[in-house]
Amino acid sequence: MITGIQHLHSTLRWVVLILLVLTLIRAWTNRSGSFNVQQAKLGLFTMISIHVQLLLGLVLYVQKGWMAKLGDSSIMGVTRDRFFTVEHLAGMLIAIVFGTLGHSLVKRASDDAVKYRRQLIYFGIALILILASIPWPIRPGFETSGWF
Ligand code: HEM
Ligand code: HEM
């Protein structure tokens with residue numbers, strides 16, 4: 001069960017990344033036009049994909065014993081342990097806050113240009129933080145983490 005959740009969490013990274021990039025490209029190219037229903041839906045689906053990752057990530061964090069290591073200072077010298085216990089958690093939680101704002105602040109704006117600008121800013125920051133917090137297999141120490 002937990003292996004399945006991990007595969008799902010790993011593969012869903014691509015859904016999150018593709019939705020973020022698509023939303024950002026469309027927001028940039030249409031930024032002086034009207035904010036249509038498709039763009040609002042795209043922003044909503046982007047946020048939902050990020051929330052699903054949050055839920056799956058929390059399950060992994062507790063079930064795979066990473067949370068139990070949180071108060072243990074000896075993990076700080078071990079790249080992989082420090083990464084999943086602290087860095088991945090903190091980086092992704094901040095990214096998820098920005099990703100949620102990218103949807104909820106757009107909903108609250110009345111001006112179309114402001115809606116596009118907010119998508120560009122908040123989803124843009126979320127994308128950078130997510131790219132930086134993924135355990136890419138090319139990073140030293142993460143060769144065993146997969147691409148999917
Ligand atoms: C958009 C958000 C996120 C993305 C794109 C993402 C992506 C990933 C990826 C690609 C892996 C590697 C999986 C593997 O090697 O099989 C991973 C592992 C993991 N993620 Fe996330 N993650 C996100 C958010 C979170 C959050 C919020 C948490 C915790 C609350 C979390 C907890 C974990 C844990 C504990 C692992 C390690 C599993 C293990 O090897 O024991 N993730 N994540
Ligand atoms: C630990 C898990 C989760 C937390 C802490 C969380 C948190 C939140 C928060 C704070 C909001 C309000 C955003 C706003 O102000 O508009 C929200 C909205 C929402 N979340 Fe999540 N969420 C989680 C998991 C999920 C999952 C698993 C899904 C879907 C499968 C999901 C779908 C949504 C949707 C559809 C909205 C409303 C969007 C709207 O129409 O405004 N969330 N969530």
Side-chain angles (χ1 to χ4, degrees), residues 1-70 79-148:
M1 177 71 177
I2 200 70
T3 314
I5 291 177
Q6 188 168 334
H7 282 310
L8 194 60
H9 186 72
S10 185
T11 308
L12 266 179
R13 93 183 82 178
W14 296 109
V15 175
V16 171
L17 292 175
I18 290 166
L19 283 172
L20 275 171
V21 170
L22 264 181
T23 311
L24 286 168
I25 291 174
R26 261 178 132 259
W28 179 256
T29 48
N30 298 335
R31 66 192 181 284
S32 39
S34 67
F35 193 89
N36 52 27
V37 179
Q38 290 97 308
Q39 188 66 14
K41 282 262 157 64
L42 207 49
L44 172 66
F45 291 145
T46 304
M47 191 210 71
I48 292 175
S49 71
I50 290 172
H51 281 199
V52 172
Q53 281 298 67
L54 169 63
L55 190 67
L56 297 175
L58 282 171
V59 173
L60 289 173
Y61 196 66
V62 176
Q63 291 293 315
K64 294 204 72 186
W66 297 105
M67 196 171 80
K69 294 185 179 169
L70 198 51
T79 308
R80 204 179 159 83
D81 284 1
R82 189 187 59 234
F83 180 83
F84 283 119
T85 311
V86 186
E87 295 165 24
H88 186 72
L89 175 77
M92 291 307 190
L93 285 180
I94 299 168
I96 290 163
V97 169
F98 280 103
T100 306
L101 290 175
H103 170 72
S104 52
L105 292 184
V106 165
K107 242 182 12 185
R108 285 171 181 76
S110 48
D111 186 79
D112 284 0
V114 174
K115 286 177 190 267
Y116 279 126
R117 196 166 62 238
R118 287 185 177 170
Q119 278 195 333
L120 287 167
I121 293 170
Y122 293 107
F123 285 145
I125 294 172
L127 177 62
I128 293 166
L129 289 171
I130 288 172
L131 283 173
S133 309
I134 285 178
W136 297 109
I138 42 169
R139 287 169 75 148
F142 295 94
E143 293 80 4
T144 53
S145 291
W147 287 102
F148 296 103

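Of the inter-residue distances, the one linking I5 atom CD1 with L55 atom CG reads 8.5 Å to the nearest 0.5 angstrom. Between R118 atom CZ and L105 atom CG the span is 5.5 Å, to the nearest 0.5 Å. The structure places CD1 of I94 at 12.0 Å from CD1 of I130, a figure rounded to the nearest 0.5 Å. The structure places CG of L44 at 11.0 Å from OG of S104, a figure rounded to the nearest 0.5 Å. In this structure, CZ on F45 lies 12.5 Å from CG on L22, to the nearest 0.5 angstrom. The distance from the CE atom of M67 to the CG atom of L58 is 9.5 Å, given to the nearest 0.5 Å.
Using a 4.5 Å heavy-atom threshold, the side chains of Q39 and Q119 count as touching. Within the 4.5 Å cutoff, side-chain heavy atoms of Y61 are placed close to those of L70. Under the 4.5 Å side-chain criterion, counting only non-hydrogen atoms from C-beta, L127 is not in contact with F98. Residues S145 and R80 have side chains in contact (heavy-atom distance under 4.5 Å, counting atoms from C-beta outward). Side-chain contact between R139 and I134 is absent, with no heavy-atom pair separated by less than 4.5 Å. Two residues are said to be in side-chain contact when any heavy atoms from C-beta on lie closer than 4.5 Å; W136 and R13 meet this criterion. In this structure, the side chains of R26 and N36 come closer than 4.5 Å at one or more pairs of heavy atoms. With a 4.5 Å cut-off on side-chain heavy atoms, R31 and R117 do not count as touching.
Around NE2 of H51, the count of heavy atoms belonging to other residues, nucleotides or ligands within 6.0 Å exceeds 12.
Nearest approach of D112 to G33, heavy atoms of both residues: CB-O, 4.1 Å. Considering all non-hydrogen atoms of both residues, L19 and T23 come closest at O-OG1, 2.6 Å. Heavy atoms only, all atoms of each residue included: V15 and S49 are closest at CG1-CB, 4.3 Å. In plain terms, the two heavy atoms of G91 and S133 that are nearest each other are CA-OG, 3.6 Å. Nearest heavy atoms, P140 versus T79: O-CG2, 4.4 Å. Across A126 and G99, no two heavy atoms sit closer than the pair CB-N, 3.9 Å.
Panel note: side chain H88, backbone F83; no donor-acceptor pair is recorded below 3.5 Å. With hydrogens and angles disregarded, a donor-acceptor distance shorter than 3.5 Å links the side chain of Q53 to the backbone of H9.
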Determine, step by step, whether L54 and I50 satisfy the side chain to side chain contact (heavy atoms under 4.5 Å, CB included) criterion, reporting the C-alpha distance in whole Å, the side-chain angles of both residues, the deciding distance to 0.1 Å, and the verdict. CA-CA 6 Å; L54 169 63; I50 290 172; 5.9 Å; no
If you apply the rule side chain to side chain donor-acceptor pair (under 3.5 Å), what do you find for Q6 with K64, and how did you get there? CA-CA 10 Å; Q6 188 168 334; K64 294 204 72 186; 2.7 Å; yes
For L129 and I96, what are the C-alpha separation, side-chain angles and deciding distance, and is it a side chain to side chain contact (heavy atoms under 4.5 Å, CB included)? CA-CA 9 Å; L129 289 171; I96 290 163; over 6 Å; no
Taking it one step at a time, do L131 and L17 satisfy side chain to side chain contact (heavy atoms under 4.5 Å, CB included)? CA-CA 8 Å; L131 283 173; L17 292 175; 3.9 Å; yes
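Relative ring orientation between F84 and W66 is described as tilted, the plane-to-plane angle lying within the 30° to 60° band.
Sorted by first and then second residue, the ring pair (Phe, Tyr, Trp, His ring centres under 6.0 Å) pairs involving residues 19-42 (not counting sequence neighbours) are F35-Y116.
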